[in-house]
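Here's the structure, in structure tokens; my notes come after.
Note: hydrogens, waters and symmetry copies are ignored here, and every other heavy atom, side chains too, is used. Here the structure is a predicted model, which is why all the values come from computation and not from measurement.
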Amino acid sequence: MEASSSSCSNTNVSLSSSLLQLYRSDRRKLLDFVLCTSGSIPRSHGPEAPLSDDVDVDRLSVDSVIDCIKAGAKVDLSDNEYYAPSHFPLMMPSRLGDSYFLFSNPNQAGSPPRRVPPPVQVDRASSSASYSSSYQGFTFLKNTAAAKNFVEQKADFSAPLNTIPVKIPAIGLPFLRSGLSDDDLREVSYEVLLASIADSGSTDIQPVDDLTKDKMPKFLGRLKSKKERVHSGLQTHGRSLGLINTVRVQMQISVGLDACIRKRLKHYSTRASGRQPSIPHIVVHLLSGISRSDFLNEKAYMQWKSRKANLLKEVFYFSSDHVLSDSSDIGSSISNILSDNDWDIIKTPNERSELLSAIIKLDLKISSKPARFGISCETYFWTASYHINLRLYIRLLYSVFDILDEAQILMEVEEILQLIKVTWPVLGITDKIHSALFGWVLFLQFIETDKSELLEYALLELRKVLTTEDRDVNERLYINSLLCSKVFNNVDLKLNLVHAILFSVGIWCNEKLQDYHLHFSQNPLIFRAVMNLASTVGLLNINNCFELELPNSNCSDEGAFRKVKLYVERSIMSAFERMANCGFKAQPTHPLAMLAKEVKLIADMESEVFSPVLSQWYSAAGVLSALHLHQLYGEELKPFLKEVSCLTEDVILVLPVANMLESQLYAFYSSLAKEIRSHHPFEENMYFYQIELICTPLVLDWVIAQRVHVLEWTARAFELENWEPLSHQQKQAPSIVEVFRIIEESVDQLFKMNLPVDITHLQALISVIYHSLDEYIRKIVDQLVDKRYLRPVIPPLTRYEESVIPMTKKKLVECDLMAPDVKKKLDILTISKLCTRLNTLQYIHKQLNALEANLKDYWSLAQPFSDRHCRNDIDEAQSHSSDSTEALFAVAFDSIKDAANDAISKICDFTGARAIFWDLREMFLFRLYYLNVEGARLENVLTHFDIILDQVCGLLDDTLRDRVVLNIFRASMVCL
């Protein structure tokens, strides 16, 4: 056993030495880096090795070196001033000599926190922490006719232009006038906790060094994991001792200071004297047992001693009752404690004991005063020093948060809260005060971390405060004595602690909810929690004692109506102001068009996120937001509409998006307004922009202008046509493809402008289509030649025609001679070009079906722009009717199809006549049965006849082939 123990001790020393050397090496490397990169190294030192071997790195003060570098001075490591004590806490001495202590195991501490570190000098105890918020001045644009005065910046309704820090409303505890800092309160609160635990006798608090020394061989011998070590330690020394160590780590109390405090408070108890422990008694007990030798350096000791003296000064001199207004003895004692030399060097131990005894006597005198409210364990210090007590308890409550991730609550939270409950008799805490303060601490932590779970926990604690009945009159009177000062709307308020906390939370909620688009657009889940919190804590009414504006979620509460209505109005106004004051010059489109798109985003967020939550307290929230957005954008749009006279580029950019925005807002409004009016009076109506009235004549003028344009292009395409097929697969003429392209472009342009259109515009557009295609078909037909020019001249013997009157002499038939222009036309109208014309007419017939379907689709999509609501100044006869629309399509497109079919019939008839009487005239008329029958039979003509049929069948569309062949055979029969 002795050998085993010796082996463990040797292993312990070896591990400690190697780890110490590792940290010393890292410290030297960091100092080398700082000195090399700062440019503050004297020329005598090399740039690569500023720390020579003769420099005692362990004694070198890093703080002094950094201060010298910041001041821009040269660092001379031979100067003794760089070996002065550090400005920051150093490692405390240990009985193991070269060993040192860490807050956590460096190998298993995990990754560092990802969040941004909290701001420096945050006074959580006094509730004066600050957070980043934003404020945007009201500079609403009233004149935006041309919208040229916008700032060059992308609009974003969820981000402010300027961010300025806004302080969290403090609960208004009396100020600390003795100079106690947040760190002072943190360490004092830990000392009060240890003293309370020791006085209760529930746990034996003993120095950490003793525990380490006792358990070191066993710990190093077994080499347990971290989890096993913690579990074993808690089993051996009790769960409470482990919780105390957890609280120490979370409160950032050094191991050395903790050892000194535990050693002195180990046997602290007031039970023998029959009195309650007090803060002055605890302070005196620590001062009488801790000296300069317990600290590593004099500066740390002086800071600790000054903290105790300032705490006594705050308790006795700056208490709410001014208990020492006429005493000078205690003042001299506190001054001696603050003195550097008087207390530790000049004063003897007996003299120091006499001074501390005077403080103890005063503490006993004050503690012996009768309690004001008769609460169990109450002391006079509950009310005299409540501003200190509450701050200390707030510091203890912060120990439930993980020091590495302050958004996380420790798993041992219930046990820690039960542990710090032992301080209630010292600090004057009751169940209701605990719930109020814990809810306040959770609320502040939520503000710093944006962790929604913390807000939910804070809501639960504050609900406990509001739902707890004040059955104990004494407790209610005690809480009312804990006064806090608040200033609201230039009115000084005196509130008790609970009301001050609720009021501060309500002020914060009120500020955030008045611009909820700014604060909750990025994290909408928090919005519901904040609304629940606002409805729980309410808002203090200054005219009355304490009245909740939003006490519950009952939608019949008129106070809730008014409050949520105010939130909606102000938040919508603020969000729109940010949009209007953010410029869009850098954008390729018109500013009003961009503004409409951004307003649409606000409306989407309102309808999908905010209104469903707000409607629990105010059912008309969605309707109100739609009305306000519509009105605000209308004020910006109105000057622009007054200047609209034609469809310019800006008009085409602005009016469609404005009309779409109005349609969306009206759909949102109308979906809720009917239901709301059934159970809640709501008389506001939406007054429209009248975009349809402005667009109707402008769009009609545009369509009329397009008619001239399309007819001109149709005529040009026809004149340039040589009637050659487009390709072997596409046998129509290129000109008809161009005509349909122009028509389809006009249709697309009209409907893709997204402007409101009615039946008049549709009728005008169909008229453009009809006249362009009808003109094209008419030109094709006009190019044909009368068939009588194709047939041969009647012989002289048969050149008479019978008279109507039998007895009248027969007249001589007058023969029409073929004019040169007719001859030229016949030469142009070859079989191949006639086939191309036929294919073109058939293409018109097919393409009309696709054009009609496309036009109907466009029309069905355009109908909601006009049918979404009835306008008072538009005749109801202009509303869309499916029957009238179908009739309009049928008349126009059927007429074009009929014209194309007639043209096809004429060309087929002409093609048959031309093939027989013109192309096969020689073979059919002059050689068939000519001279003798045997030499000029029909078989000799069939070869040429097959050539014509083969040409026709190769050029024509399959749907036209039979009709043309039939006409050729008919013409051949006529010829025979």
Chi angles and distances behind the side-chain hydrogen bond (donor to acceptor under 3.5 Å, both in side chains) call for N659, Y689: CA-CA 8 Å; N659 195 47; Y689 301 149; over 6 Å; no
Trace of the salt bridge (charged side-chain N to carboxylate O under 4.0 Å, His left out) decision for R741 with E744: CA-CA 5 Å; R741 185 189 65 80; E744 290 171 355; over 6 Å; no
Min side-chain heavy-atom separation T696-L700 under 4.5 Å: no
Backbone N/O of N722 and side chain of K833: donor-acceptor pair under 3.5 Å: yes
Modelled atom types, side-chain donor and acceptor of D774 and H771, under 3.5 Å: no
Check: F520 ring centroid to F610 ring centroid under 6.0 Å: no
Heavy-atom side-chain proximity of Y669 to H630 below 4.5 angstrom: no
Worked check of side chain to side chain contact (heavy atoms under 4.5 Å, CB included) between K731 and L956: CA-CA 8 Å; K731 300 178 180 181; L956 280 177; over 6 Å; no
Side-chain (Q732) to main-chain (Y843) donor-acceptor, under 3.5 angstrom: no
Chi angles and distances behind the side-chain hydrogen bond (donor to acceptor under 3.5 Å, both in side chains) call for Y516, E606: CA-CA 10 Å; Y516 55 80; E606 186 70 30; 3.1 Å; yes
For L834 against L829, the heavy-atom pair lying closest together: CD1-O, 3.8 Å
Taking every non-hydrogen atom, the tightest pair across P725 and T836: CD-OG1, 3.7 Å
Close side-chain approach of L855 and I769, heavy atoms under 4.5 Å: yes
F889 and F893 aromatic ring geometry - parallel, tilted or perpendicular at 30°/60° bounds: parallel
Main-chain N/O of C835 paired with N839 side-chain donor or acceptor, under 3.5 Å: yes
Electrostatic pair K779:E719 at N-O distance under 4.0 angstrom: no
Pair E775 + R778: basic N to acidic O under 4.0 Å: yes
H590 ring center near F640 ring center (under 6.0 Å): yes
Residue pair P524 / S521: nearest heavy atoms and the distance that separates them: CD-O, 3.8 Å
Side-chain touch E598/R578, heavy atoms, less than 4.5 angstrom: no
K856 side chain reached by E886 side chain, heavy atoms, under 4.5 Å: yes
A575 to D515 - nearest heavy-atom pair and separation: N-OD1, 4.4 Å
T714 (side chain) donor-acceptor with V710 (main chain) under 3.5 angstrom: yes
Heavy-atom closest contact (L595 atom, A580 atom, distance): CD1-N, 4.0 Å
Donor-acceptor under 3.5 Å (S860 side chain, D857 main chain): yes
Under 3.5 Å: donor-acceptor pair, side chain of H628, backbone of S625: no
Heavy-atom pair of closest approach, residues V657 and A596: CG2-CB, 4.0 Å
Close side-chain approach of V708 and E712, heavy atoms under 4.5 Å: yes
Short N-O contact, K906 and D902, less than 4.0 angstrom: no
Sidechain-backbone polar pair: N854 side chain, A850 backbone, donor-acceptor under 3.5 Å: no
Side-chain donor or acceptor of S571 paired with backbone N/O of V568 under 3.5 Å: no
Residue among I766, N901, L773 satisfying side chain to side chain contact (heavy atoms under 4.5 Å, CB included) with I896: L773
Check: Q783 and F718 side chains under 4.5 Å, non-hydrogen atoms: yes
Distance-only side-chain donor-acceptor flag, R707 / S746, under 3.5 Å: no
Interatomic spacing from NE2 in H761 to CD1 in I704 - rounded to 0.5 Å: 9.0 Å
More than 12 heavy atoms of other groups within 6.0 Å of R716 CZ: no
